[in-house]
Amino acid sequence: MNNKRLLITGGAGFIGANFVHYTLKNRPEYQVTVVDKLTYAGNPDSLKNVLDKIDFVTGDICDPELMDKLVSETDIVVHFAAESHNDNSLKNPRPFIETNIMGTYTILEAVRKHGKRLHHISTDEVFGDLELDDPNRFTETTPYNPSSPYSASKAASDHLVRAWARSFGIQATISNCANNYGPYQHIEKFIPRQITNILNDEKPRLYGEGLNVRDWIHVDDHNNAVHTILEKGTIGDTYIIGADNDHTNNKMVIEMILELMDKPKNWYDHVTDRPGHDMRYAMDSSKLRRELGWMPQYTDTNGMREGLQQTIDWYTANKDWWQSQKAVVESGYREAGEKVVDVPKA
Ligand code: NAD
Ligand code: DAU
């Protein structure tokens, strides 16, 4: 692949910005254009060191004229842009319907018209959740059963991509990935919220009992998988991406962060639970490993510990990137009714 042009939607967000950095470092053959609306979740500072190496367009993926132009000028579209936070989707679903469904539709129409390759980034949440004692993991054939407005809108976007592939023959692949962590993640999300609380000498805040399980993957492992699919994936296929790091929020994640940050392991508050809170996600990424030879780097408890330490170091060294947002994020949670609750610690 020589000098292929890559259009990255949502490249000022968490995974998209990491994808830009990963691509410039590991796939220098690509010419990168980013389109991002710069919502509250998009931070141009995440790309400030590479702005001279990419084309950056501030714009909305729901704008048909803009997307028609940008798609006509590229070879490949990697579509990250989305409203991404479940808690926000419970407060105000509209932007999730607009961006995640209408935005994806707008991109699909441009891709169809210009005959370009599309990779659509999606989530494990489209499958709903598993019971704690269920031995199964999500696979590419697990039926869709989303719980929140966010996950329902992502499920809708996946269905649109599949329909455009089948009915119009567009050259598309889809990936459904587990929970990402790493640098540049918005501090509304679980892991950076707790790290930045501790850095501000505030206790971490755990929803409900904290028994929920998430399957964690380092963002670089996710982005390496996306490049693997771009290079070797079968057009029309879906790939599950996961690193086999399913851990409870309380024991594994909060306690590991507290230990790595030299705090007592019970130094956290239980707060109001999320309505409709999915209990457990677990991913079976054997198809991606078997067919395309992908392997994650940050696996098992040691890999998670290494990735978390690197993430803690990044938030510690980059207070300028997040400190100005902290009060706004925390008051948003309190305005939404989050309160400390009395739950015996497990
Ligand atoms: P994010 O919220 O950090 O970033 C989203 C980016 O999209 C922001 O830069 C925002 O400005 C931009 N954006 C939003 N609406 C837009 C619009 N209408 N037009 C153009 N840009 C717009 O999200 P993230 O965590 O980086 O997630 C990226 C993608 O990965 C999403 O599609 C999400 O569903 C998916 N995903 C995320 C995770 C995770 O753990 N974070 C896991 C699996 C899949
Ligand atoms: O699984 C992939 C999904 O992971 C992505 O599609 C989403 O875009 C991404 O936001 C993430 O969704 P979650 O809802 O799982 O992530 P979040 O970081 O919001 O929460 C992770 C877990 O931690 C979840 O069980 C809720 C809990 N939680 C979250 C916050 C913000 C807490 O206990 N305390 C908190 O303060």
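Order of listing sets the numbers, starting from 1, for every ligand and every atom in it. Fair warning: this is a prediction, and the values are worked out from it, not measured in the lab. Values below: every heavy atom of this structure, side chains too, minus hydrogens, waters and symmetry copies.
Y268 has its ring centre less than 6.0 Å from the ring centre of H270. Checked against the 6.0 Å centroid criterion, the rings of Y239 and W294 do not qualify as a close aromatic pair. Aromatic rings from F14 and Y184 are positioned such that their centres are separated by 6.0 Å or more.
Only the side chain of D124 comes within 4.0 Å of ligand 2, counting heavy atoms alone; its backbone N, CA, C and O stay farther away. The proximity of H277 to ligand 2, defined as any non-hydrogen pair under 4.0 Å, is limited to the side chain. The side chain of N249, and not its backbone, has at least one atom closer than 4.0 Å to an atom of ligand 2 (non-hydrogen atoms only; side chain from C-beta on). At a heavy-atom cutoff of 4.0 Å, ligand 2 is contacted by the backbone of R205 but not by its side chain.
Protein neighbours of ligand 1 below 4.0 Å, counting non-hydrogen atoms: G10, A12, G13, F14, I15, D36, K37, L38, T39, A41, G42, G59, D60, I61, F80, A81, A82, S84, T99, I121, S122, T123, Y150, K154, C177, A178, N179, N180.
Taking atom 14 (O) of ligand 2 as the reference point, the nearest protein heavy-atom neighbour is R274 NH1, 2.7 Å. Summary of contacts: the protein heavy atom closest to atom 13 (P) of ligand 2 is E125 OE2, 3.5 Å. Nearest protein neighbour of atom 11 (C) of ligand 2, counting heavy atoms only, is N179 ND2, 3.4 Å. For atom 29 (C) of ligand 2, the closest non-hydrogen atom on the protein side is Y207 CE1, 3.5 Å. The single protein non-hydrogen atom nearest to atom 36 (O) of ligand 2 is R193 NH1, 2.7 Å, given as residue, atom name and distance. The protein heavy atom nearest to atom 18 (O) of ligand 2 is F190 N, 2.9 Å. Nearest protein heavy-atom neighbour of atom 5 (C) of ligand 2: Y150 OH, 3.6 Å.
For the pair R193 and Y333, the cation-pi test (distance below 6.0 Å, angle within 45°) is passed.
A side-chain N or O of Y281 and one of D278 form a donor-acceptor pair less than 3.5 Å apart.
E109 and K113 are not joined by a salt bridge, as no carboxylate oxygen comes within less than 4.0 angstrom of a charged side-chain nitrogen. Taking the charged nitrogens against the carboxylate oxygens, K4 and D75 have no contact shorter than 4.0 Å, which rules out a salt bridge.
For residues 295-316, the set of pairs meeting the salt bridge (charged side-chain N to carboxylate O under 4.0 Å, His left out) definition, not counting sequence neighbours, comprises E259-R305.
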